[in-house]
Amino acid sequence: MTIKQSRKTAREFVEKHVAALSADVLIWRKSASLPSESPVHELASLCVPFAADGDQYIEAERLIVQQALEATAALGAAASDTEPHQQGSAARNEAAYRRLLPKLVELAEQIDSMSEDEYGNWVDALPQDEFFEYIGVAHNAQSFNSALAAARMLTSKPSAVVSAGQ
C-alpha cells in the first residue's frame with residue numbers, strides 16, 4: 001500500500017468512527033491514557049506508514065481533531081441563521097438538511113456497490129428540498145465528508161466512557 005493509499009485509509013477510518021475516536025481523545029487528554037479497546041490504537045497503526053518515526057499517535061490525534069472540527073463546523077453551519085455566503089457550507093433549508101443527514105450515512109455504506117442507475121435512482125428519489133441540500137454538500141469531497149461526519153455524529157450512539165482507573 002502506498003503512502004497516499006495509507007492516508008486515504010486512515011482518513012476513511014476517522015470519518016467512519018469520528019464520534020468514538022473523539023470521545024477517546026478527550027479521555028486521553030484528561031487522563032493521559034487511552035482505553036485498551038480504543039479505536040485510536042487501530043488508527044495509530046494505520047498511520048505508521050506515513051507518520052514520522054514513532055509519531056503515529058500524534059498523527060492519529062491530528063486526523064481525529066481535523067475531522068471533528070470539520071463535522072462540528074458542518075453542524076454549526078446547518079444550525080446557523082446566517083446566509084450561506086457568510087458561512088460557506090450553511091444549509092439553505094435546515095429541516096431538509098437534517099432529513100438528508102441519515103440518508104447520507106446510508107448512501108456512504110452502499111455507494112461502492114451501487115450501479116450508476118441505482119445511484120441515479122437514489123438521487124431522483126430525494127424530495128426537491130433535500131436534493132438541493134445534497135447538491136450543496138456533494139459538490140466536492142471535503143464538503144461531502146464533513147456532512148457525512150456530521151451525520152454519523154448525529155446518528156451514532158453515545159459510547160461507554162471508561163474511567164481512568166479501570
Side-chain angles (χ1 to χ4, degrees), residues 1-30 34 38-52 55-112 119 122-123 126 129-159 161:
M1 188 181 295
T2 67
I3 290 176
K4 186 175 181 178
Q5 291 168 325
S6 297
R7 283 186 191 277
K8 183 177 187 286
T9 300
R11 279 195 294 276
E12 289 170 349
F13 183 86
V14 173
E15 289 168 8
K16 187 173 183 179
H17 303 286
V18 67
L21 290 164
S22 297
D24 284 353
V25 165
L26 289 174
I27 291 169
W28 183 18
R29 287 182 173 187
K30 289 178 183 177
L34 278 169
S38 173
V40 175
H41 298 296
E42 184 176 350
L43 176 60
S45 69
L46 294 172
C47 293
V48 168
F50 58 89
D55 286 346
Q56 62 267 27
Y57 281 89
I58 293 169
E59 184 65 23
E61 181 181 18
R62 187 192 69 74
L63 289 171
I64 295 163
V65 169
Q66 180 67 33
Q67 186 62 44
L69 288 171
E70 289 176 8
T72 303
L75 282 173
S80 175
D81 291 333
T82 62
E83 292 297 313
H85 69 275
Q86 292 174 315
Q87 205 168 53
S89 61
R92 295 176 193 270
N93 181 329
E94 182 180 341
Y97 179 77
R98 294 222 177 252
R99 287 192 312 271
L100 176 66
L101 291 178
K103 294 175 183 177
L104 290 179
V105 173
E106 291 176 16
L107 174 65
E109 292 169 355
Q110 300 171 3
I111 197 161
D112 291 332
Y119 173 72
W122 183 89
V123 171
L126 290 173
D129 56 349
E130 291 176 27
F131 172 76
F132 290 140
E133 295 305 317
Y134 177 69
I135 296 302
V137 299
H139 68 280
N140 69 41
Q142 183 178 0
S143 65
F144 179 81
N145 289 335
S146 293
L148 182 59
R152 285 187 171 132
M153 286 178 67
L154 288 174
T155 60
S156 68
K157 309 251 187 291
S159 61
V161 176

Do the charged groups of K8 and E12 touch, with an N to O distance under 4.0 Å?
yes
Decide yes or no on side-chain contact (heavy atoms from CB on, under 4.5 Å) for L100 and F131, but give the supporting numbers first.
CA-CA 8 Å; L100 176 66; F131 172 76; over 6 Å; no
Nearest heavy atoms of D24 and P39, plus distance in Å:
OD2-CD, 3.1 Å
For the pair E94 and R98, evaluate salt bridge (Lys or Arg N to Asp or Glu O under 4.0 Å) and give the outcome as yes or no after the intermediate values.
CA-CA 6 Å; E94 182 180 341; R98 294 222 177 252; 3.6 Å; yes
Is F132 close to L126 at the side-chain level, that is, under 4.5 Å between some pair of heavy atoms?
no
Okay, side chain of S38, backbone of L34: is any donor-acceptor separation there less than 3.5 Å?
no
Would Y134 and W122 count as a side-chain contact (heavy atoms from CB on, under 4.5 Å) here? Give the steps.
CA-CA 11 Å; Y134 177 69; W122 183 89; 3.8 Å; yes
Atom pair CG (L148) and CD (E15), whose distance is rounded to the nearest 0.5 Å:
6.5 Å
Tell me the closest heavy-atom pair linking A151 and V105, and the distance in Å.
CB-CG2, 3.6 Å
Between E130 and K103, does the salt bridge (Lys or Arg N to Asp or Glu O under 4.0 Å) criterion hold? Intermediate values first, please.
CA-CA 10 Å; E130 291 176 27; K103 294 175 183 177; 2.4 Å; yes
Pairs where residues 39-52 contributes a residue and the test side-chain hydrogen bond (donor to acceptor under 3.5 Å, both in side chains) is met, not counting sequence neighbours
H41-Y57
OG on S22 to CD1 on I27, rounded to 0.5 Å:
11.0 Å
Minimum heavy-atom distance between I3 and F50, given as atom pair plus value:
CG2-CB, 3.6 Å
Side chains of R152 and L101, heavy atoms from C-beta outward: is any pair under 4.5 Å?
no
Working to the nearest 0.5 angstrom, can you tell me the gap between C47 SG and D55 CG?
10.5 Å
Just verifying a value: how many Å separate L21 CG and F13 CZ, rounded to the nearest 0.5 Å?
5.5 Å
Return a table of donor-acceptor pairs under 3.5 angstrom between the side chains of residues 61-68 and protein atoms on other chains or two or more places apart.
unit_1	atom_1	unit_2	atom_2	d
E61	OE2	R29	NE	2.7
E61	OE2	R29	NH2	2.7
R62	NE	E59	OE1	3.4
R62	NE	E59	OE2	3.2
R62	NH2	E59	OE2	2.7
Q66	NE2	E70	OE2	2.9

Where the side chain of N93 meets the backbone of A96, is there a donor-acceptor pair that is under 3.5 Å apart?
yes
